[in-house]
Amino acid sequence: MSHTVEKIGGTSMSEYQAVRDHIILHNRTPEQYYQRLMVVSAFGGITDGLLECKRTGAPGVYATYADAEDDSAWEQALDNVADRMAQINKDMFADTPERALADSFLSDRIVGIRECLHHLRQVCAFGQFQLAEQLQTVRELLAAMGEAHSAHNMVLYLRQSGVNAVLMDLTGWRADEAQPLDDALIEALSHFDLATQLPIVTGYAHCKEGLMGRFDRGYSEMTFSRLAVLTKAREAIIHKEFHLSSADPRLAGEDKVIPIGRTNYDVTDQLSNLGMEAIHPQAAKGLRQKGIPLRIRNTFEPDHEGTLITTDYRSPAPCVEMVAGRRNIFAVEMFDQDMVGRVSHYAEQFTDEIEDTSLNLVSKDMNANTLTYYVSGNRKTVRTLVAALKRKFEHADVHTHRVSLVSAVGSDMSIPGLLARSVAALNRTNVPVRAVHQTLRAVEMQFIVDDQYYEQAVKSLHDELVQTNADTVALSVA
């Protein structure tokens, strides 16, 4: 039997009983527990505590360590997250022997991290060593702690149910040197027998490339993807706490959204651009190039086959598969009468400035004398961009607007009159459209609206474009 490589997200990991019962054991005999590699994220909220909150930016251990003048602040942050991990141990294992093993593992890692961070501060007290040059390594060290804890706990937890789970610790804890990622994975795999063992793999992998430096919080998906590619997996599976659906159920209505049964990697790229990653684009690239199907499954509905994503899929009939969007983006509009005939020059300079400020380019439009780039980021960074553009093009008028982007997405949306229907649906519900983008490839159509109309725009487009084609979309259920 060919194997699968599977990834379990942090929110699902926190529901460890569901992981055991719905993912590992569900409808399987003991011999069917194996031929799988399980890549795990840290328990929900732990990486936020170790680094910084992904949603609010509230500082964790890393952010506090990077900014603190003394040790008390970051040590308190480390104590706080260690206490949360210890509580997870208690909740999972109560007074069983596994609790002592989990606590001992946690204590050893926390003590090691504390000593390392203390020593680094002492070394950086000398002028020849700069803390700023070591912060990326500190970030990786802390992030690795989250996955090491969750993977070790899950091994102990599954062994209680008779599963021969084994820890594949890729964090490089006390390792002498880093290897290239693929070499590190191949070396680790050589120690396991997928026929009789269930490896629980840390989502973080220590390697020469530095996964966090390149992919930040998307590092676990890169580990997952490379394992699938290197082992020629039959299928790659991501377990999340929700289905990949036709819209956000909180906006379109839980009774109206439809789980998407099939789609392709082209669609997942469009979703990534909207900040709604089914999988990190670079992780998807490896799977796509090797022809490995990706399945997104809902941890809490184990009998549902989820969404199957392949390279060559197209919907049985042209349709809109989902309506998605991105709130709170900035439209940076530059008008210059002298731009006529030199738009490419202005566009190149504009793009360079966006890259220099590390803003995320979401979309753009242009005419003879105006360029508008839609970017995501904070207002302070946008102001920096505007100031740079005014210095470079002193005769240009540069303005910003806070807007939202709503997209209709599908593997084949070559439907006559689709744009007219969409605009009419928005008009019926009093949603003013600031801009429209429709491309020749018929996989996405974008609408720019003022932010206060975002939710209504999602609901209106979903009602018009998906609900009216629900039967077609349902045909693509895997």
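Bear in mind the structure is a predicted one, so any value in this text is a computation, not a measurement.
- Contact annotation: the side chain of Thr268 approaches that of Tyr265 to within less than 4.5 Å [non-hydrogen atoms, C-beta and beyond].
- Smallest separation of non-hydrogen atoms from Pro302 and Arg297: O-NH2, 2.9 Å.
- Take Tyr453 and apply the ring-ring contact (aromatic ring centres under 6.0 Å, His included) test, not counting sequence neighbours, and it matches no residue.
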Residue pair Leu385, Ile354: steps toward the side-chain contact (heavy atoms from CB on, under 4.5 Å) verdict: CA-CA 7 Å; Leu385 170 64; Ile354 291 174; 4.0 Å; yes
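- Judged as a salt bridge (Lys or Arg N to Asp or Glu O under 4.0 Å), the pairs with a partner in residues 351-371 (not counting sequence neighbours) are, in order, Glu353-Lys392.
- The two residues Met445 and Met413 come nearest to each other via the heavy atoms N-CE, 3.7 Å.
- Side chain to side chain, Tyr62 and Glu52 fail the donor-acceptor criterion of an N or O pair below 3.5 Å.
- Pairing each heavy atom of Ile292 with each of Ala236, the nearest pair is CG2-N, 3.9 Å.
- Looking at residues two or more places apart in sequence or on another chain, you find a ring-ring contact (aromatic ring centres under 6.0 Å, His included) between Tyr373 and Phe350.
- Side chain of Ser150 to backbone of Ser41: a donor-acceptor contact under 3.5 angstrom is found.
- A donor-acceptor pair is defined here as one N or O able to donate and one able to accept, closer than 3.5 Å; no such pair exists between the side chain of Asp412 and the backbone of Ser315.
- Inter-residue side-chain proximity for Glu147 and Thr223 is flagged as unmet; no heavy-atom pair is nearer than 4.5 Å.
- The CD1 atom of Ile309 sits 6.5 Å away from the OG1 atom of Thr263 when rounded to the nearest 0.5 Å.
- Residues satisfying the side-chain hydrogen bond (donor to acceptor under 3.5 Å, both in side chains) criterion with Asn427, sequence neighbours excluded, are absent altogether.
- The side-chain contact (heavy atoms from CB on, under 4.5 Å) test applied to Val433 returns Leu426, Val436, Phe447, not counting sequence neighbours.
- Heavy-atom minimum distance, Val443 versus Ser411: CG1-O, 4.1 Å.
- Rounded to the nearest 0.5 Å, atoms NZ (Lys7) and OG (Ser225) are 12.0 Å apart.
- A side-chain donor from one of Thr310 and Arg262 sits under 3.5 Å from a side-chain acceptor of the other.
- No donor-acceptor pair under 3.5 Å is formed between the side chain of His239 and the backbone N or O of Thr299.
- The distance from atom CG of Asn264 to atom CD of Gln270, rounded to the nearest 0.5 Å, is 9.0 Å.
- Annotation: ring-ring contact (aromatic ring centres under 6.0 Å, His included) contacts of His206 (sequence neighbours excluded): none.
- Judged by distance alone, with hydrogens and angles left aside, the side-chain atoms of Ser246 form a donor-acceptor pair with the main-chain N or O of Ile258 at under 3.5 Å.
- Nearest heavy atom pair, residue Leu50 against residue Gly146, reads CD1-N, 3.5 Å.
- A donor-acceptor distance shorter than 3.5 angstrom exists from the side chain of Thr307 to the backbone of Ile260, with no hydrogens or angles considered.
- Remark: the backbone N or O of Gly60 is paired with a side-chain donor or acceptor of Thr64 at under 3.5 angstrom.
- Residues meeting the salt bridge (Lys or Arg N to Asp or Glu O under 4.0 Å) test with Arg402, sequence neighbours left out: none.
- For the side chain to side chain contact (heavy atoms under 4.5 Å, CB included) test with Met168, the passing option among Ile200, Leu189, Thr202 is Leu189; the others fail.
- A donor-acceptor pair is defined here as one N or O able to donate and one able to accept, closer than 3.5 Å; no such pair exists between the side chain of Arg295 and the backbone of Gly306.
- The side-chain heavy atoms of Gln289 and Val229, taken from C-beta on, include no pair separated by under 4.5 Å.
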Show me the donor-acceptor pairs, under 3.5 Å and distance only, between side chains in residues 208-215 and residues at least two apart or in other chains.
from: Glu209; atom 1: OE1; to: Leu181; atom 2: N; distance (Å): 3.0
from: Glu209; atom 1: OE2; to: Leu181; atom 2: N; distance (Å): 3.2

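- Within the 4.5 Å cutoff, no side-chain heavy atoms of Leu359 are placed close to those of Phe330.
- Distance alone, capped at 3.5 Å, is enough to place a donor-acceptor pair between the Asn273 side chain and the Val362 backbone.
- Leu274 has its side chain within reach of Glu444: a pair of non-hydrogen atoms, C-beta onward, lies under 4.5 Å apart.
- You'll find the side chain of Asp266 reaches within 4.5 Å of the side chain of Arg441, heavy atoms only.
- Considering only residues two or more places apart in sequence or on other chains, His401 meets the ring-ring contact (aromatic ring centres under 6.0 Å, His included) condition with none of them.
- A donor-acceptor pair under 3.5 Å is formed between the side chain of Asp48 and the backbone N or O of Lys54.
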Steps toward side-chain contact (heavy atoms from CB on, under 4.5 Å) verdict (His462, Lys459): CA-CA 5 Å; His462 186 268; Lys459 185 177 186 304; 5.9 Å; no
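- How far CD of Glu221 is from CG of Leu287: 10.0 Å, rounded to the nearest 0.5 Å.
- The shortest side-chain heavy-atom distance between Phe393 and Asp338 does not fall under the 4.5 Å cut-off.
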side-chain contact (heavy atoms from CB on, under 4.5 Å) between Leu251 and Val323, worked out: CA-CA 10 Å; Leu251 302 181; Val323 175; over 6 Å; no
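- Nearest heavy atoms, Val19 versus Ser12: CG2-O, 3.3 Å.
- With rounding to the nearest 0.5 angstrom, the OG atom of Ser14 is 7.5 Å from the CD1 atom of Ile46.
- Remark: side-chain polar atoms of Tyr374 are not paired, donor with acceptor, to backbone N or O of Leu405 under 3.5 angstrom.
- Atoms CZ and CG, on Phe224 and Leu37 in that order, are 10.5 Å from each other to the nearest 0.5 Å.
- Counting heavy-atom neighbours within 6.0 Å of Glu177 CD, excluding the residue itself, gives a total of 12 or less.
- Residues meeting the salt bridge (Lys or Arg N to Asp or Glu O under 4.0 Å) test with Arg36, sequence neighbours left out: Glu6.
- Pairs engaging residues 241-256 under the salt bridge (Lys or Arg N to Asp or Glu O under 4.0 Å) rule: Asp248-Arg250, Lys256-Asp463 [sequence neighbours left out].
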side-chain contact (heavy atoms from CB on, under 4.5 Å) between Ile415 and Arg421, worked out: CA-CA 10 Å; Ile415 305 168; Arg421 285 175 50 201; 4.3 Å; yes
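- The closest side-chain heavy-atom distance from Ile23 to Ile237 is not below 4.5 Å.
- Residues passing the salt bridge (Lys or Arg N to Asp or Glu O under 4.0 Å) test with Asp451 are Arg327, sequence neighbours excluded.
- At a cut-off of 3.5 Å, with distance as the only test, no side-chain donor of Thr47 or Arg217 sits close to an acceptor on the other residue.
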